[in-house]
There are 2 protein chains.
Amino acid sequence: MKPLKVALLGCGVVGSQVIRLMHEQAGDLAARIGAPLELAGVAVRRLGRKRDIEVDPALLTTDAEALVTRDDVDIVIEVIGGIEPARSLIVAALSKGKSVVTANKALLAEDGATLHEAARTGNGDLYFEASVAGAIPLLRPLRESLAGDHVKRVLGIVNGTTNYILDKMDSTGASFTDALEEAQTLGYAEADPTADIEGFDAAAKAAIVAGLAFHSRVTAAEVHREGITDITATDVASAKAMGYVIKLLAICARSDDGRSFGVRVHPAMIPRSHPLAGVREAYNAVFVEAESAGQLMFYGKGAGGAPTASAVLGDLVAVARNRLAGTRGSEESTYADLSAHPMGETVTRCHVALDVADKPGVLARVADLFAQHDVSIQTVRQEGHGDDAQLVIVTHRATDAALSATMDGLRDLDIVRAIASVMRVEGDD
Amino acid sequence: MKPLKVALLGCGVVGSQVIRLMHEQAGDLAARIGAPLELAGVAVRRLGRKRDIEVDPALLTTDAEALVTRDDVDIVIEVIGGIEPARSLIVAALSKGKSVVTANKALLAEDGATLHEAARTGNGDLYFEASVAGAIPLLRPLRESLAGDHVKRVLGIVNGTTNYILDKMDSTGASFTDALEEAQTLGYAEADPTADIEGFDAAAKAAIVAGLAFHSRVTAAEVHREGITDITATDVASAKAMGYVIKLLAICARSDDGRSFGVRVHPAMIPRSHPLAGVREAYNAVFVEAESAGQLMFYGKGAGGAPTASAVLGDLVAVARNRLAGTRGSEESTYADLSAHPMGETVTRCHVALDVADKPGVLARVADLFAQHDVSIQTVRQEGHGDDAQLVIVTHRATDAALSATMDGLRDLDIVRAIASVMRVEGDD
C-alpha cells in the first residue's frame, strides 16, 4: 500500500511528540488507517537548533511554503501557532488539495472562515480537535455525537494555567500574584502570562466551541472577555464561605428565545457541588447541556505536548482514512447563522459583598436600589456589625446590563463604603 | 433534495423519543445532513397498543422484516433490544445495503461479528453509540479521537441501576435489599432486576468497549462478571471508614506485556478522591487512560429515552451523511487480534476484613499466609480487641489467582473466625 505523506509545520513541544508517536505507533496507525504514514518533511524556523527529538536532517527545512505545496504531500499538520505565517501556509496547503490538521485556536477563532473556505475549494479536510481542551475529545462529540441534539449551553474550564492559579488560591489562600509565580516556576504559566490570565486563550476556544455548538460562525472578537488578574484572596475566601469556588469559565449559551447566543469568558462562582468545581490543578473540563442528552461532562488534560499530540494524531487518522476513501469529513456547519448578543443581554446572577455604614435602614435602601433595576434578590446575609458591617447579596437571574447598572448605583449610594467583592454566579440554575 | 428514508424497529421508551426528535428537529437534522429525513415505517409488536407518542397509523406495521428490506428504505434504527428477532432484522437490512443504527448492547456483545460482517458485505454502516453509556459520547471518542493513541485502561460506571443502589447504600447506610426496592419504586430498577444487579448489562458494555479500545473482537462470554447482590451494609461502611466507596466497575485493561487484556465487571472499592467516586445516583461515567492523552473522563446520563435517543440521532446524522457522500464510516477494527486472559491472570489489589481469634501471634500467622502466596501487604490495621478483634488488610498488586488462593487459605486458618468483607481495590495505582 502506498504511504500517505505527512508534512509537519513546527517541531516544538507538540511537534516533537507528533513525530515520536508517528514513529512509535507506526504499525498501529497503518492498521487503523489502511496505509502507512510517512513523514515527508518538517518545517522549522532554524535548522541548527537543539530539539526534544532527533529528526533526520534530510527532513528538516526552513521553506515551509515549498513543503506544504509539494505534490507528494497528502496531509499537513500545523503546530506552529499564531496567525502568520500559519494562515498563509494552511491556505496554501488546502488550496492545493491537501488535508490539514491544526491545533491553532488563535487562527481558527480569528479567521476560521478563510480556512474553511480554502478547505471547501480544495476539497480537503480541515480538522482541529487539538485546538480546544488538548487531549479531551470535545469538538468531535459536539460536531458528531450531538449532531442530532440541540445544545443549550456549554460551560468549560478550558485554560489550565488559570485553573491552576485559581485552584492554588482556593486551596492555600494565596494571593493572585503568589499563585501566578508558583505557576510560572512549575511551568504551568509562561514568562508573559497575558494570553492565559487575561482570558485571550480561553476566548479563542470559546469562539470555536460556540461555532460548533450553535452551527454559526463565531470569532474571538465576539467573545466577552474578562481575565482573572483582579481576583483577590478575599474574593476566593468569600466564595468559599458561601460554598462556592471561583473558576475562569468559558460559557456559550443560547438565549431563551433561541434566536441568539451569548459567548463569554470571565471568572465566576460555581457551587462546590457542581461537577466543574472538582476540577483541580491544570486539568480542563467541559460541561455540556443538550436538550435530549441532558448534562454531559468531558474531563482531562487540556495542554502539554503528548496530550495535544494525541488529539492531533486522532485527527490525522481520520483525515488519512477520508483521503484513502476519497471522501471528506463533515465540513463547517454554519446553517443556523445565529449571532452573539452583547454581554448586556446575557442572563446571569451576581454575588456582591458590600461594606456598609452602620445606620438604620441600610438594607432597605440597598434592596430598593436592586428593585429599581428590576434585579430580584435571592439571598442576603448581614455579617459583622458597626463599622465592619457587610451585606452579602446573591441575586436571581437578570441581564448583565441590569446587574452592571445595579453595581454602578451601589457605588453611588452614600451608605455603601465600598464594594468588597462582586462576581457572577453560574452553574446552580 | 430527495429525503433519506428511515425505518424504525421498536416504539418503546427510546423509539418514541427518536420519533419525537426526528419530528421536532427535522429542520436542523436536514441542514446538518444535507437532505431531509423521512420516517418510512415503524415496526411494532402490536398495532393497537397505547404509546408514549402519537404515530401515524399508516406508518405502523407488525411486519418488521418487510419494512427493513423495503427498497425505498435507506437507514434502519433498531431499538427493540434482545438477540432475536433483532439480529435477523439487522442482518437482513445490512445485507440489502441499508445502514443500521442500533442501541442493542446484548446483541453486539454476543454476536457483533455477524453484524459487522453483514455491514461489510452490504457496504453499509453499522453504528452503535447508544449501546454503551446512553447519551455519553464514548464509542466515537474511543474509535476516532483516540485512534492515534494507545488505550491502556478503561474503568467505567456503565450501569445506572447498580450505581443508584450502591450510592444509596453509601449515602444512607441502607441494605442492598432496601436500596434495590427504592430503585424499583423510583423506576431506576426493573421488576426483574437480574440483568442489572448481576452485572450482565455492564458485561455486555464492557465487551463492546474492550473491543474498540484494544482493536480486537470481544464477546460478553469473555467478560469476568460478578454482580452486587452480595454487597452488605457492612462492606459499604468498611469501605467508607477506609476512605473508599464501592462501585460496580467495568474494567478493560491491557496486560503489562501488552499481549493480552483483561475485561471484567465486579464491585470494587475506589478512593473517594477518584473522579469516578463522585458519580452519584443513576449517572454513568467512564474513565479512560491512554498513553499520550493521559486520564480522560466522560460523564453523563447512561440511560433513559431522551438521552439514548440523542445518541441514536447523532449516529443517524453520521450514517445519513455517509450515505449522501457515497461513503462508509470506519468499520470494525480487529487488527490487533488480542485475547482476553483469564480472570486469574488479572492484576488487582484486595481489601479484606478478618474476624480473628484473640490469641498471640495471629498477625504473624496471617501475614505468613499472604507471603506463602506471594501477596504483599500494603497496610494492616487491627481494630477492636478480644473476641471482637478484626484485622483489616489491603494488599499490593497481585494476580487475582494469588489473591483468591490467599482468601481460601485464610478461610482454612483456625485463627480466622470469619472473613467479614473482601473486595477488590481499584483506581489508586
Side-chain angles (χ1 to χ4, degrees), chain A residues 17 21-22 24-25 28-29 31-33 129 134-142 144-150 215 275 278 283 285 287-288 290-301 304-307 309-318 321-322 325-328 330 333 335-336, chain B residues 17 21-22 24-25 28-29 31-33 129 134-142 144-150 215 275 278 283 285 287-288 290-301 304-307 309-318 321-322 325-328 330 333 335-336:
Chain A
Q17 290 295 316
L21 290 172
M22 279 182 66
E24 284 179 13
Q25 314 243 31
D28 280 318
L29 294 170
R32 292 171 196 180
I33 291 165
E129 180 69 64
I136 308 173
L138 174 67
L139 305 191
R140 188 174 271 107
L142 274 177
E144 299 181 17
S145 309
L146 292 168
D149 208 326
H150 186 76
H215 298 269
Y283 273 88
F287 192 75
V288 178
E291 194 175 286
S292 299
Q295 303 184 328
L296 301 170
M297 193 173 79
F298 304 84
Y299 168 94
K301 282 185 183 147
S310 168
V312 167
L313 271 273
D315 278 357
L316 179 59
V317 169
R321 275 180 183 158
N322 289 343
T327 180
R328 294 176 66 203
S330 51
S333 171
Y335 73 89
Chain B
Q17 290 296 316
L21 290 172
M22 280 183 65
E24 284 179 14
Q25 315 244 32
D28 280 317
L29 293 171
R32 292 171 195 180
I33 292 165
E129 181 68 64
I136 308 173
L138 174 67
L139 305 191
R140 187 174 273 105
L142 275 177
E144 299 181 17
S145 308
L146 292 169
D149 209 326
H150 186 77
H215 298 270
Y283 273 88
F287 192 76
V288 178
E291 193 174 288
S292 299
Q295 303 185 328
L296 302 169
M297 193 173 80
F298 304 84
Y299 168 93
K301 282 185 183 147
S310 169
V312 167
L313 271 273
D315 278 356
L316 179 58
V317 169
R321 276 179 182 159
N322 288 345
T327 181
R328 294 176 66 201
S330 51
S333 171
Y335 74 88

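In the text below, chain A, chain B and the rest are named by the order of the sequence lines, each starting its count at 1. Since this is a predicted model, take the numbers as computed values, not measurements.
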Taking side chain as everything from C-beta outward and backbone as N, CA, C, O, which of these in [X] sits under 4.5 Å from a heavy atom of chain A? Side chain, backbone, both or neither.
X: Gln25(B); value: side chain
X: Leu29(B); value: side chain
X: Tyr283(B); value: side chain
X: Gln17(B); value: neither
X: Leu316(B); value: neither

Name the member of [options] that forms the most heavy-atom pairs with chain B at distances under 4.5 Å.
options: Met22(A), Lys301(A), Glu129(A), His215(A); result: His215(A)
options: Gly305(A), Ser145(A), Ala135(A); result: Ser145(A)
options: Ala293(A), Ala311(A), Gly300(A), Gly314(A); result: Ala293(A)
options: Asn322(A), Asp28(A), Ile136(A); result: Asp28(A)

Rounded to the nearest 0.5 Å, how far does [atom2] of [Y] lie from [atom1] of [X]?
X: His150(A); Y: Glu24(B); atom1: NE2; atom2: CD; answer: 10.0 Å
X: Arg321(B); Y: Thr327(A); atom1: CZ; atom2: OG1; answer: 11.5 Å
X: Leu313(B); Y: Ser292(A); atom1: CG; atom2: OG; answer: 7.0 Å

> Under 4.5 Å between any side-chain heavy atoms of Tyr299(B) and Gln295(A), yes or no?
Replying inline: no
> Hey, are the side chains of Phe298(A) and Leu296(B) touching, using non-hydrogen atoms and a 4.5 Å cut-off?
Replying inline: no
>> Quick check for you: among Gly278(B), Gly304(B), Ser330(B), which has the greatest number of heavy-atom pairs under 4.5 Å with chain A?
In response: Ser330(B)
